[in-house]
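Have a look at the structure below before the remarks.
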Amino acid sequence: MPVALVDCNSFYASCEQVFQPRLQGRAVVVLSNNDGCVVARSREAKALGIKMGEPWFQARHRLQGQGQAEAVTALSSNYALYADMSNRVMRILGRFSPRQEVYSIDESFLELDGLPEPPEVTGQRIRATVLRWTGLPVCVGIGPTKTLAKLANHLAKQDPAWAGVCDLAVLDAGEVERLLAPIPVAEVWGVGQRLAQRLGALGIETALDLRRAPSKRIRQHASVMLERTALELRGIACLDLETLSPDKQQIRCSRSFGATVSSLAELTEAITTFTSRAAEKLRAQQGEAAAIAVEIRSSAFRRDAAAYAASRVVPLAAPTADTRALVAAARAGLNRLYKPGPAYAKAGVILLDLSRAAERQPDLFADSSADDRSQVLMATLDQINRRFGRGSLTLANARPAPRWRRREQFRSPRYTTRLDELPVAHC
DNA sequence: TCTGGGGTCCTAGGACCC
DNA sequence: TCTGGGGTCCTAGGACCC
C-alpha cells in the first residue's frame with residue numbers, strides 16, 4: 001500500500017513568483033515576522049548560499065560584500081496569500097485519493113491504493129494538475145511507509161533525473177539501499193542535528209546505516225521514536241495516515257515586537273491582542289481553556305545584565321472560551337511578571353488544558369445564563385471579524401496600530417483574499 | 001541597528017500514595 | 001542497631017517538525 005508525499009517546492013517563494021512573474025528565475029527569499037530570518041528560498045537563492053533560518057541582515061551583508069545584493073529580492077511574509085494558496089493545493093490533492101493527511105502548509109500525504117495506473121504516472125498527473133491550476137511546482141515521493149515517502153521526496157527534489165517523481169516502492173531492496181547510502185542521516189524525518197551527532201558517534205552516518213542498525217542498539221542509545229523511524233526505513237509501517245486533524249492541545253500566540261517596549265501599558269496592549277487572537281483560534285475548534293500562560297522577554301540575543309525572561313501559568317476559575325475572561329487572567333499574570341527596566345522584545349500567551357466545550361460537565365452552581373450570553377457575544381464577535389476582517393472589533397485595550405507592531409517592509413499584496421488588492425492585468 | 005512562530009512527543013525526576 | 005518498594009501523576013526540559 002504505497003503512500004505519497006506531495007511537497008511544494010520553495011512554497012512561500014513560489015507563491016510570490018506566481019503573482020510576480022518578473023521574479024521567476026530570480027533569487028527570491030521570504031522573511032519571517034519582523035523581516036528577521038530567511039524562511040523560504042527560491043532555487044536561485046539557495047544557489048547563492050543563503051541558508052534556511054539565517055538572519056536576513058547577515059545574509060544581506062555577506063551578499064553586499066560579494067557585490068550580489070542586487071541579485072536577490074527579499075519579501076516579507078504574506079501569510080494570507082500562502083494560506084489561501086495552500087488551501088487550493090490541498091483541495092486539488094484531495095481529488096487524487098480519498099485518504100489524505102494534510103501534514104503542513106505545503107505538504108500532504110496521500111494513500112495510493114487500488115490505482116488503475118502505476119503510482120509514478122499518478123505522481124506526474126498530480127504535478128501537472130497542481131502546476132496548471134495554481135502555478136505552483138510540487139515534487140512527489142512515493143514509498144511503502146511515510147518515512148520512505150519523505151525520503152523519496154527528498155531524492156526527487158535533489159536530482160532532476162527523477163523528473164519530480166521518485167517511487168521507492170517499486171524498487172528492489174538493493175536499489176533502495178544504493179539510493180539511501182549517500183543520504184546523511186540528518187535528512188531522515190525525525191532525525192535532527194542533535195540526534196545526528198549522537199548517531200555519528202555510533203558510526204551511524206547515513207540513512208542506510210540507520211536502516212541497517214539493530215533495533216536493540218538504537219533503543220539503548222536513543223528513543224523508541226528513533227526505533228520506529230528505523231523500522232519505517234526498512235519498509236515496516238509504524239506511522240498511520242492521520243486523515244482527520246485532531247484538536248490542538250495548546251494554542252499559542254506570540255510575537256517579537258517591531259520596536260522594544262518598556263511600559264506595562266504597552267505590554268498590556270500586546271497581551272490583550274495576542275490573547276484575543278488565541279481565543280479566536282480556540283473557539284474555531286469549539287474548545288475551552290482551563291489555564292493560560294503568559295511570557296515576556298527582552299531580546300534573547302543581547303548578553304547584557306538587563307536580559308530578562310519570565311513566564312507564568314494562570315489557572316482559570318472554570319474552563320472558558322470567552323476573550324474577556326482569558327484577557328483578565330492573562331493581565332493578572334502579566335502584572336505579576338512585569339518589572340520596569342528591561343527593553344521587552346517579545347511577548348506571548350499559550351492557552352493550556354484544552355477541552356471540547358460540549359463535553360464539559362455543567363457546573364451546578366454556575367449561572368448558566370451568563371454562560372449563554374458569553375457564547376452569543378463571542379459568536380457575534382467572531383462573525384463580525386470574519387466578515388469585515390480580523391481586528392475589526394476588539395476589546396478596547398487592543399489598539400489597531402501600536403508602536404510595537406511588526407515590521408514588514410516588503411510585503412506583497414494579498415492578491416487572492418482582498419478585493420482591493422486583486423492583481424491587475426495590463427493589456 | 002537588524003536574529004520567527006507554532007506545534008508535537010518523550011523522558012526524567014519529584015511528589016504523593018499505599 | 002534496624003529505615004521498603006512500587007505505582008501514578010504532574011511538570012519541566014529537550015528534541016523534533018515545518
Side-chain angles (χ1 to χ4, degrees), chain A residues 5-12 29-41 50-62 64 74 76-79 82-83 86 101-109 146-147 150 153-154 185-199 219 221-229 238-239 242 245-260 274 277-278 281-282 285 290-291 293 295 297-303 307 309 311-313 315 343 345-354 406-410:
Chain A
L5 177 73
V6 186
D7 187 324
C8 300
N9 303 352
S10 312
F11 180 56
Y12 294 175
V29 298
V30 176
L31 307 178
S32 65
N33 250 7
N34 264 328
D35 298 338
C37 296
V38 174
V39 294
R41 307 157 294 158
I50 302 170
K51 296 279 173 280
M52 181 68 180
E54 190 177 9
W56 171 234
F57 74 92
Q58 283 176 7
R60 197 181 59 222
H61 288 174
R62 194 184 55 245
Q64 275 164 355
S76 306
S77 291
N78 186 344
Y79 291 112
Y82 311 148
S86 172
E101 173 184 344
V102 177
Y103 176 67
S104 75
I105 193 164
D106 73 332
E107 287 169 82
S108 239
F109 288 102
K146 289 166 86 173
T147 304
K150 273 275 211 185
N153 193 285
H154 171 78
V185 72
E187 295 294 338
V188 175
W189 192 34
V191 181
Q193 286 311 314
R194 282 295 166 78
L195 257 181
Q197 236 170 36
R198 271 166 52 198
L199 291 174
R219 206 168 351 158
H221 293 93
S223 67
V224 290
M225 300 270 285
L226 190 68
E227 192 186 346
R228 278 206 286 267
T229 297
C238 303
L239 304 171
E242 305 198 12
S245 53
D247 288 344
K248 304 260 182 279
Q249 296 173 33
Q250 51 172 247
I251 293 173
R252 177 187 301 249
C253 183
S254 70
R255 296 275 180 280
S256 298
F257 299 137
T260 58
F274 302 161
R277 178 71 193 117
K281 292 190 211 169
L282 177 64
Q285 68 172 35
E295 298 174 310
R297 64 176 316 135
S298 58
S299 170
F301 299 94
R302 301 266 295 276
R303 302 215 183 283
S311 70
R312 184 178 194 90
V313 177
K346 182 174 180 177
V349 301
I350 311 171
L351 303 182
L352 300 165
D353 296 344
L354 308 188
R406 72 160 172 266
R407 286 187 296 270
E408 41 176 6
Q409 222 185 320
F410 321 109

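The basis for the numbers below is simple: all heavy atoms, side chains too, and nothing from hydrogens, waters or symmetry mates. Note that the coordinates shown come from a computational prediction; the quantities given were computed from them, not determined experimentally. Chain letters run A, B, ... following the sequence lines, proteins first, then strands; residues in each count from 1.
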Would the distance check show the side chain of [X] and the main-chain N or O of [Y] forming a donor-acceptor pair, the cut-off being under 3.5 Å?
X         : Y         : result
Asn153(A) : Leu5(A)   : yes
Ser256(A) : Lys346(A) : no
Gln285(A) : Lys248(A) : yes

Could you give the [atom1]-to-[atom2] distance, from [X] to [N], as a whole number of Å?
X         : N      : atom1 : atom2 : answer
Glu408(A) : dG4(B) : CD    : P     : 16 Å
Asp35(A)  : dT1(B) : CG    : C1'   : 14 Å
His61(A)  : dT1(B) : NE2   : C1'   : 9 Å

Plane angle bin for Trp189(A) and Phe109(A) - parallel if under 30°, tilted between 30 and 60°, otherwise perpendicular: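 Rings of Phe109(A) and Trp189(A): tilted, as their planes differ by 30° to 60°.
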Inter-nucleotide C1' distance (dC2(B), dC18(C)), Å rounded: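 It comes out at 24 Å once rounded to the nearest Å.
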Rounded distance in Å between the P positions of dT3(B) and dC17(C):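 Rounded to whole Å, the distance is 25 Å.
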Check nucleotides 6-8 of chain B against the protein and report each pair of N or O atoms closer than 3.5 Å, with its distance, or say if there are none.
unit_1	atom_1	unit_2	atom_2	d
dG6(B)	OP1	Arg255(A)	NH1	2.8
dG6(B)	OP2	Ser254(A)	N	2.5
dG6(B)	OP2	Ser254(A)	O	2.9
dG6(B)	OP2	Ser254(A)	OG	2.9
dG7(B)	OP2	Arg252(A)	N	2.5
dT8(B)	OP1	Gln249(A)	N	3.1

Contact letters for nucleotides 9-18 of chain C, in which S counts primed atoms plus P, OP1 and OP2 and B counts the base, heavy atoms under 4.0 Å: ------SSSS
Ser86(A) to Ile105(A) - nearest heavy-atom pair and separation: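 Taking Ser86(A) first and Ile105(A) second, the nearest heavy atoms are OG-O, 2.6 Å.
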Earlier contact from the 5' end, DNA chain B, for Arg407(A) and Met225(A):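 Closest to the 5' end, via its nearest nucleotide, is Arg407(A).
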Touch class at under 4.0 angstrom, heavy-atom based, for Arg406(A) against every strand present: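 The answer is nothing, as Arg406(A) stays clear of every strand by at least 4.0 Å.
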Nucleotide forming a Watson-Crick or wobble pair with dC18(B), both distances under 3.5 Å: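 Pairing partner: dG5(C).
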N/O (side chain, Ser77(A)) to phosphate O (OP1/OP2, dG4(B)) under 4.0 Å: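 Checking Ser77(A) against dG4(B): no side-chain N or O falls below 4.0 Å of OP1 or OP2.
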Any Asn33(A) side-chain nitrogen or oxygen under 4.0 Å from OP1 or OP2 of dG5(B):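 Yes, within the criterion.
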